[in-house]
Amino acid sequence: MNYRMAAALMSLIGLFVSAYLYLYKIGRIGTLACGSGACETVQTSQWSRVLGVEVALIGVVGYAVLLGVALAGLRPAQAERRGPALALAGLAGAGVLFSLYLTYVELFVIHAICRWCVGSAVIIVTILLLALLELRRVGSAGSAATRLAGTA
Amino acid sequence: MAASPVGMKRFYGLLAAIAVIGVGLLGYQLAKPATVSIPANVVVQPNDTAGFHGYVKGAESAPVEITEYADYQCPFCQTFATLQMPTIEERLIKTGRLRWRYRDFPLQQHPFSRLAAHSAACADDQGKFWEQHEKIYEGQPEWAAVRDAGPIFRRYAQANGLDLAKYDACMSAGKYAGRIQASYDEGVRVGVSSTPTLLVGGRLYQGRFDSDAITRLVDSLAPRTSAR
């Protein structure tokens, strides 16, 4: 299992978490399995929408794009290219910043923590770490190849 | 590093397993029966209606009373509640000229009318009837076409600051199913057949109304004593 594979698996899990929250938000699912009312407090607050768009829907789209990029980066022709790893790191970085903002709102504005949101935050941070490790790997493989070419 | 064919096979197997589990769990959540349903045509018990004659807004001393028979899922009722009522409230109810009585008349063709009426009744238990009433009408486009409106009404209850444990208990018990049925039966008895219908001084007014028409009606029944 390489870093891109792990990132793809994490993205798929994140996609399901976001889809679950979105289906709740649009009234297709009853109560959230949360253990407390905190998830509903967060999901029903005014901060559950950003610029008129449901945060959960942003999550669904974001994770779907991450999954697509991770899968595309697994194709043999892309496996050693830096582009997919850079795209993964960029997208996941943006996701982490967004998660940081949402966590700040949960802690200091709404004063309620949604476990599913925490789960999503852990997933996006993990994807970012995997993308950074992949960037390092591709970078060092590239330098080794350059060195090899230089000695040939 | 490109993965070996065996590694790729394992990876896709794992990806497919997660996809199947995820879709299965979401499908299970979607297929679960509606969280709460309020039965229609229940036998009305005497204590269902004891001391209750609708939700009232306005001064006891107001010279005119209008009883509205309405259905939360009826589009005309929604337009009336959201566009006309605020003006009626400012112009007539708050000035002490009109008392408004709201009665449920859930039409059979609307699957969530009774649930909405019951949600508002449970909010009334906690002194938040009008807040829930307004949220339900304002949100009609959001909930009218969903599979289960219960969670959306619950969300409104939460936004209105209701104690959700008490609200859930009230909804699950169908505490006000009889009262809603009694309100409907009473509407039928006085001749209501569509919504919204207004009952004013023993006369029924059906159709679409606006705040100007209501003002003229109130003016005709209780002329103003001084120019405002």
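Quantities reported herein were computed from a predicted structural model and do not represent experimental measurements. Each chain gets a letter, A, B and so on, in the order its sequence line appears, and its residues count up from 1.
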By the definition side-chain contact (heavy atoms from CB on, under 4.5 Å), identify the one residue from B/Val23, B/Leu25, B/Ile21 that meets it with A/Phe16. B/Val23
Contact origin within B/Tyr156 toward chain A - heavy atom pairs under 4.5 Å: neither
Which atoms of B/Ile152 are under 4.5 Å from chain A, going by heavy atoms: the side chain, the backbone, both sets, or neither? side chain
Need one label for B/Arg154: side chain, backbone, both or neither, based on atoms under 4.5 Å from any heavy atom in chain A. side chain
Looking at B/Ile18 and A/Leu9, what are the two nearest heavy atoms and their distance? CD1-CD2, 3.8 Å
Determine whether more than 12 heavy atoms belonging to other residues, nucleotides or ligands lie under 6.0 Å from atom CZ of B/Phe76. no
Please step through side-chain contact (heavy atoms from CB on, under 4.5 Å) for the pair B/Tyr12 and A/Leu71, ending with a clear verdict. CA-CA 10 Å; B/Tyr12 282 121; A/Leu71 289 177; 4.3 Å; yes
From A/Leu74 atom CG to B/Met8 atom CE, the distance as rounded to the nearest 0.5 Å: 5.0 Å
Give the minimum heavy-atom separation between B/Ala19 and A/Leu12, together with the two atoms involved. N-CD2, 3.8 Å
Above 12 or not: heavy atoms from other molecules or residues under 6.0 Å from CD of B/Gln108? no
Rounded at 0.5 Å granularity, tell me how far CG in B/Leu30 sits from OH in A/Tyr20. 10.5 Å
Check each atom of A/Leu15 against the heavy atoms of chain B and say whether the ones under 4.5 Å are side chain, backbone, both or neither. neither
